Amino acid sequence: MAEVNMVQAINMALAHEMARDADVVVLGEDVGANGGVFRATVELQKRFGAGRVLDTPLAEALIAGVSVGMAAQGLKPVAEIQFTGFIYPALDQIVNHASRLRHRTRGRLSCPMVLRSPYGAGIHAPEHHSESPEAMFAHIPGVRVVIPSSPLRAYGLLLAAIRDPDPVIFLEPTRLYRLFKQEVPDDGEAQPLDACFVVREGKDVTLASWGASLHETQLAADALAQEGIRAEVIDVATLKMLDMDTILESVGRTGRCVIVHEAPGCAGFGAEISAQLAERGLLNLLAPLQRVTGYDVVTPLSRLEQAFIPSVKRIVDAVHRVMEFA
Amino acid sequence: MAEVNMVQAINMALAHEMARDADVVVLGEDVGANGGVFRATVELQKRFGAGRVLDTPLAEALIAGVSVGMAAQGLKPVAEIQFTGFIYPALDQIVNHASRLRHRTRGRLSCPMVLRSPYGAGIHAPEHHSESPEAMFAHIPGVRVVIPSSPLRAYGLLLAAIRDPDPVIFLEPTRLYRLFKQEVPDDGEAQPLDACFVVREGKDVTLASWGASLHETQLAADALAQEGIRAEVIDVATLKMLDMDTILESVGRTGRCVIVHEAPGCAGFGAEISAQLAERGLLNLLAPLQRVTGYDVVTPLSRLEQAFIPSVKRIVDAVHRVMEFA
Amino acid sequence: MTVVASFEIEYLQFLDQLGRVSQPLPGFARDPRALVPLYRAMVLARTFDTKAVALQRTGQIGTYASSLGQEAVGVGTVGALRPEDVFLPSYRESGGLLLRGVTMEEMLLYWGGDERGSDFRVPRQDFPICVPVGSQASHAAGVAYAFMLRRQARVAVCMLGDGATSKGDFYEAINFAGVRALPAVFVVCNNEWAISVPRALQSAAKTLAQKAIAAGIQGVQVDGNDVIAVRFAVERALDQARDGGGPSLIEALTYRLGDHTTADDSSRYRDAEEVKQRWAHEPIGRLRNHLVEQGAWGKNEEEALHAECTERVQKAVDAYLAVPQPPPEAMFDYLFAQLPRPLQPQRTAAAQESGHG
Amino acid sequence: MTVVASFEIEYLQFLDQLGRVSQPLPGFARDPRALVPLYRAMVLARTFDTKAVALQRTGQIGTYASSLGQEAVGVGTVGALRPEDVFLPSYRESGGLLLRGVTMEEMLLYWGGDERGSDFRVPRQDFPICVPVGSQASHAAGVAYAFMLRRQARVAVCMLGDGATSKGDFYEAINFAGVRALPAVFVVCNNEWAISVPRALQSAAKTLAQKAIAAGIQGVQVDGNDVIAVRFAVERALDQARDGGGPSLIEALTYRLGDHTTADDSSRYRDAEEVKQRWAHEPIGRLRNHLVEQGAWGKNEEEALHAECTERVQKAVDAYLAVPQPPPEAMFDYLFAQLPRPLQPQRTAAAQESGHG
Ligand SMILES: Cc1ncc(C[n+]2csc(CCOP(=O)(O)OP(=O)(O)O)c2C)c(N)n1
Ligand SMILES: Cc1ncc(C[n+]2csc(CCOP(=O)(O)OP(=O)(O)O)c2C)c(N)n1
Ligand SMILES: [Mg+2]
Ligand SMILES: [Mg+2]
């Protein structure tokens, strides 16, 4: 089995599900002949036809709204928003329609759609191409928010997202698209949409992260191991539904938690995890909680993006701070 | 001096600032002859002319984008989005332009605009008229988010928002619009945009809230006082910039904190306050933090909205829970 | 000067303001008896609207948007639909909804603040009422795309107001429908007002029908107080769409005789005189004149119809008032196909809270 | 059938594909020497674009969007502007930006990932490059509104692509500009592609100029490879706008001869043969033919111009490369007029982190 990177894994999942289920439709800007600006939909139009893999006009609100209409008819649209920097016009359709079509019709209609979008900084992209808006989506009742951190995860979670009967926002960290490869069997096995993944076990401190930041978090755990600090690393992956049980259980053992994400800290999703720990796990805490996040500034252009992205050093420093408490 | 309700106080602030500063312009749907569907802009068009008080076509993205253009030319647009349920199409302009025009041009251009919008449940309004999206705005770097809780606060904070050289999202709780009156001198005195207000002092527990929920929070404090529990009540008011110093100082004294807001809890703004307390105030905590919030569901239609809005009873119960820790 | 493109906007009317035939009637309208169901539907709508406003005034439902004066647009439109088509209404369509099979009880539940009102027992695939103005236009495009992909001879029919045509949503949807030649019909109910904003402040376009030109699709303007014209234009557009001929935009000229909603007081921004004049154009009297003139309608029928409508409406009101409140935990139902685990404690708490409350 | 509205779209061209005069030249173009500055501007743009692509290939700037083949649209448009007007460009406008007074060093800084590149020293009130497609259209309307309110004889000029016309933003802005008769000009640079999506998939409208009809404003189509036609149409629209005659939409027909950006490989989705054919229409050779034919340009001038452009570009590159990196804490600067207190510790941390990093 050949190793594939995350974009290829996403492409595999899309192809797998399109072959298996004739209701799956892929739409977006440049998803057809071009195969997506990141190549995530490459060859799909050739294989499944221009009816099921369609280039839309340049209009993000439209892409989301058309997906709602398709989904209400039982299609399973997988829409691509080319970058999350351009996803905001689609928000109205997500908040006011996709997330509540089932709810407001008491189950008469539903909205089984996936909105895929590349996100995050670190690839020297132009302005507006590097933001991390996951917290906004996680605040919307009625949608799921999923972020893969590896090719394997991307394949299994995307399958699950497409099969899920409700809307899923699927955010793909561009920085990971081609960062590393894994063997990904094309076995059609979905991964759960409501579970954190413990990707490294440890007993001294819990590090919770997702998406591209998981990468630096794991590097930090490596560095800490050198000093004898054994970090447990959790890939939160399905921000919504958030699997607090796994996090609480881990922090219950370690007594310390550092949450790492690239989005600005203020009202970021890390706050939700902190808040739940402070509500439900406070008595187990041996040290203040820490968040290591992007600063509360506009994501800078490429010259400064590395200074914006939470670094291994910042994560290690935060762990050192929490380890000071005995 | 006559007493005025919150809508009238808002109208007073708008009129005051329009009279003082010829650059202030009011725009939105039905803000002209109709004076706003809640009457917040009543008489302004008559007084200041149809050039400075203009009805726009029905298009929220346009309203925000036009405001950005006006502001770049040094006008001070105060735009009304009729209900926050319809604000989402405007988000693109807020995130991608208003919030960063100064930043991305290194101060060459700037965006002194205010986006006013009625929000929240509790007035038996139709579908899509009752949401509380403040957390989404608070996550955006480069904007301020302000929520008044009384006529006095509305007057002073709106003046400050209009005078502020950067974009301000000003969310007005419809439930408070006519709930009570206060004497509001039309003295042009602005209130600070980066300070919490301690509206009741107490030493047993800190209750932090904003907007309409502050009302139930104060009623809860009354009820608790009957049992001898002295609650300190903080009106967070300027969610962004968040004045954590005041909250930390209070919780430092009380050791307990319950945060109350109407928006769904998951990734709501209460999480940010909890998270900061867990980072910077953990050692003072005598009990787990608690959030009393709207449930993580679509805001229900009017028959169930009272069951959605955090009740006095839920707040009191939460305080009882934290008081159990000695 | 070279001209590279030229366009015309057609206007259609069969019955003039007084109900006189102003041009040869289309086939379906030649037998006046065939028009009686449309007449009955309009009267039922008006009876229902009147009652709903009264219910709001007495606190028995919430804010309500009456279609007073515009009945011909909804009724004419839906009169042309087939059951298998999908209708995507705005919030001011009682006539159209009733004709689709939505019950008055459901409508009262909805406006009374109960989600069960959108669980239509009959047009199962129709969209619920759309409140965010214009946002249903792209749903119509998506529904139509599904029809096309599955080679179903069905059409998605979207109704929206003059104000809605100012939304990017509307434009993006008709533009996409044009590109893909989708089986979709967009009916703009131009009642001259969007709350307090008059038509002239929505657009400098002379007609709203000409917005179709921007999308490269058919656009036509009809007298929206002439139910025959509305029905004819919609049927023609449906036929075209069903045959793969692509989408259309129909502007129906009418007038909102009432307030925007029960929360509105239109005397603040418009002249009573204007409203009075526009009563002379309203659609029900116009069709009645025609029917009477054709010998297909009389005093007895009229009285019987009013009695019947009043009774049907009252029955629906009684049924509505008898519907028990939903329990608080109902707000968790149908949020997802299955309630996710993290939400279960919240649901339990909501249920318990009400127990105490 | 009654026709209630009819429309025509005009097409303008003065120089044909070979540079021959195809209809009497407008006043400003009669003296060929007056056209030389436009020619020089187009050649400078192409020289700069070529260099910028090369800099991206060698990792010295980030992704870059070249205007190769479209130079006449930006140059013709900006050639008609007055300094006090406000220009709202898209990201593919090197020619237009240069003519506005934006320096090449600033442009390289921007594409090199440095916000200082948008702090134009000269057109202080122009908007920076707009990346979210079409979102600058409403800014143009807002700027124009400010001009109108203050009775300034200035015009807001917005440039956007064929793809951008599919965005609701574009439509909402031209529609509002129409309602208020704003002094705004919208120039659609139709280069037939939006990345890989061909013009035909953006809209079924025969022309993009006819989108103006939906807004009730002037719309005209011009040969966008004929800088005279572009400049003439824009000047006419500016005059009209300045005189209170309201906004216009100009569709300039051109072709994107290069890849969408340096991150794109257009061979994946379009025929090399098509591109080859379109080279015959490109604007620079066309104007040169005309100038040479009129005796206003020759081999010496051409050589000198290329040498001069190359040197100017190289100087700008050198200056750009000499600009020191901004310190990390610069990301906190200009976020607000004054850095709010809660952000100060973050700024300090960012500065310290870099000290260690
Ligand atoms: C997107 C959006 N913005 C604002 C509103 C508030 N609002 C409700 S109805 C209305 C006017 C709609 O006018 P029109 O489209 O002409 O329909 P009509 O009410 O006349 O039937 C407005 C502004 C809304 N519901 N949706
Ligand atoms: C709102 C938005 N959606 C998507 C993108 C990604 N994108 C960048 S350029 C482009 C195509 C734009 O085409 P067009 O408007 O014709 O301009 P051109 O690039 O041809 O000059 C797309 C889809 C974007 N920048 N903004
Ligand atoms: Mg209307
Ligand atoms: Mg293009």
Side-chain angles (χ1 to χ4, degrees), chain B residues 22-23 25 27 49 51-52 54-75 77 89 92-93 95-97 99-113 141-144 164-167 193-195 238 240-245 276, chain D residues 86 88 110 114-121 123-132 134-150 152 154 156 158 167-169 171-173 175-180 182 184 326 330-338 340-343:
Chain B
D23 286 329
V25 164
L27 68 159
R52 287 181 64 200
L54 64 142
D55 282 325
T56 64
L58 205 169
E60 285 75 12
L62 176 84
I63 293 171
V66 161
S67 299
V68 171
M70 288 172 163
Q73 277 296 309
L75 290 179
D92 185 43
Q93 288 290 341
V95 175
N96 280 331
H97 293 295
S99 70
R100 59 177 87 186
L101 190 56
R102 182 191 295 278
H103 190 262
R104 62 194 289 259
T105 63
R106 305 281 86 191
R108 181 168 64 81
L109 299 176
S110 64
C111 196
M113 67 181 269
V143 301
R144 292 176 183 274
D164 191 81
D166 291 302
L193 287 186
D194 52 5
T238 61
K240 193 160 188 173
M241 295 296 151
L242 175 61
D243 169 19
M244 269 313 287
D245 294 346
Q276 290 211 34
Chain D
V86 162
L88 299 100
Y110 177 78
D114 192 321
E115 284 81 358
R116 288 173 289 184
S118 293
D119 184 12
F120 307 154
R121 263 157 297 179
R124 291 299 287 172
Q125 296 188 26
D126 280 9
F127 265 61
I129 279 175
C130 185
V131 168
S135 61
Q136 77 275 38
S138 53
H139 306 160
V143 168
Y145 194 92
F147 294 161
M148 194 186 65
L149 190 66
R150 290 169 165 165
Q152 300 171 336
R154 303 166 68 188
C158 175
K167 286 283 289 186
D169 290 351
Y171 165 74
E172 291 183 355
N175 188 55
F176 176 66
V179 172
R180 299 286 170 173
L182 299 180
M331 69 176 102
F332 290 85
D333 299 340
Y334 304 108
L335 185 62
F336 293 96
Q338 284 199 336
R341 205 160 23 97
L343 288 172

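Heavy-atom basis, side chains included; hydrogens, waters and symmetry copies ignored. Each chain gets a letter, A, B and so on, in the order its sequence line appears, and its residues count up from 1. Owing to the predicted nature of the structure, the values given are computational and were not obtained by experimental measurement.
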Task: Heavy-atom contact with chain B under 4.5 Å, split by part of Ile129(D) - done: backbone
TODO: Determine, step by step, whether Leu149(D) and Met70(B) satisfy the side-chain contact (heavy atoms from CB on, under 4.5 Å) criterion, reporting the C-alpha distance in whole Å, the side-chain angles of both residues, the deciding distance to 0.1 Å, and the verdict.
DONE: CA-CA 10 Å; Leu149(D) 190 66; Met70(B) 288 172 163; over 6 Å; no
Task: Basic-acidic side-chain contact under 4.0 Å: Arg150(D), Asp23(B) - done: yes
Task: From CA spacing to verdict: side-chain contact (heavy atoms from CB on, under 4.5 Å), Asn96(B), Ser135(D) - done: CA-CA 9 Å; Asn96(B) 280 331; Ser135(D) 61; 5.9 Å; no
- [ ] Under the side-chain contact (heavy atoms from CB on, under 4.5 Å) rule, what do Phe127(D) and Thr105(B) come out as? Steps first, then yes or no, please.
- [x] CA-CA 9 Å; Phe127(D) 265 61; Thr105(B) 63; over 6 Å; no
Task: Heavy-atom closest contact (Ala337(D) atom, Pro165(B) atom, distance) - done: CB-CG, 3.5 Å
TODO: Report the distance from atom CD of Gln73(B) to atom CZ of Arg154(D), rounding to the nearest 0.5 Å.
DONE: 5.0 Å
- [ ] Side-chain contact test, heavy atoms from C-beta onward, threshold under 4.5 Å: evaluate it for Lys240(B) versus Pro340(D) and give yes or no.
- [x] no
Open item on the list: Please classify the contact between Ala330(D) and chain B as side chain, backbone, both or neither, with a heavy-atom cut-off of under 4.5 Å.
Closed with: both
- [ ] Give a yes or no answer on whether the side chain of Arg102(B) reaches the backbone of Tyr334(D) with a donor-acceptor pair at less than 3.5 Å.
- [x] no
Open item on the list: Please evaluate residues Tyr145(D) and Leu54(B) with respect to the criterion side-chain contact (heavy atoms from CB on, under 4.5 Å), reporting the C-alpha separation (whole Å), side-chain torsions for both, the decisive distance (0.1 Å), and the verdict.
Closed with: CA-CA 11 Å; Tyr145(D) 194 92; Leu54(B) 64 142; 3.4 Å; yes
Open item on the list: For Arg180(D) versus Asp55(B), what's the shortest heavy-atom pair and its separation?
Closed with: NH2-O, 2.7 Å
TODO: Can you measure from CG (Leu335(D)) to CZ (Arg100(B)) and round to the nearest 0.5 angstrom?
DONE: 10.0 Å
TODO: Ignoring hydrogens and angles, tell me if any N or O in the side chain of Arg104(B) forms a donor-acceptor pair with the backbone of Ser118(D) under 3.5 Å.
DONE: no
- [ ] Evaluate the criterion side chain to side chain donor-acceptor pair (under 3.5 Å) for residue pair His139(D) and Gln93(B); output intermediate values, then yes/no.
- [x] CA-CA 10 Å; His139(D) 306 160; Gln93(B) 288 290 341; 2.7 Å; yes
Open item on the list: Nearest 0.5 Å, please: how far is CZ in Phe176(D) from CG in Leu27(B)?
Closed with: 7.0 Å
Task: Nearest heavy atoms of Ala61(B) and Glu172(D), plus distance in Å - done: CB-OE1, 3.5 Å
- [ ] Taking all heavy atoms of Met241(B) and all of Pro342(D), pick out the closest pair and write down the distance.
- [x] CB-CG, 4.0 Å
Task: Heavy-atom contact with chain D under 4.5 Å, split by part of Leu101(B) - done: side chain
Open item on the list: Could you tell me if the side chain of Leu62(B) sits less than 4.5 Å from the side chain of Asn175(D), heavy atoms only?
Closed with: no
TODO: Quick one: pull up CD in Glu115(D) and CZ in Arg106(B) and give me the separation to the nearest 0.5 Å.
DONE: 5.0 Å
TODO: Could you tell me the separation between the NZ atom of Lys167(D) and the CG atom of Asp92(B), rounded to the nearest 0.5 Å?
DONE: 6.0 Å
- [ ] May I ask you to name which of Asp245(B), Val25(B), Val68(B) has the most heavy-atom pairs under 4.5 Å with chain D?
- [x] Val68(B)
Task: Heavy-atom contact with chain B under 4.5 Å, split by part of Phe147(D) - done: side chain
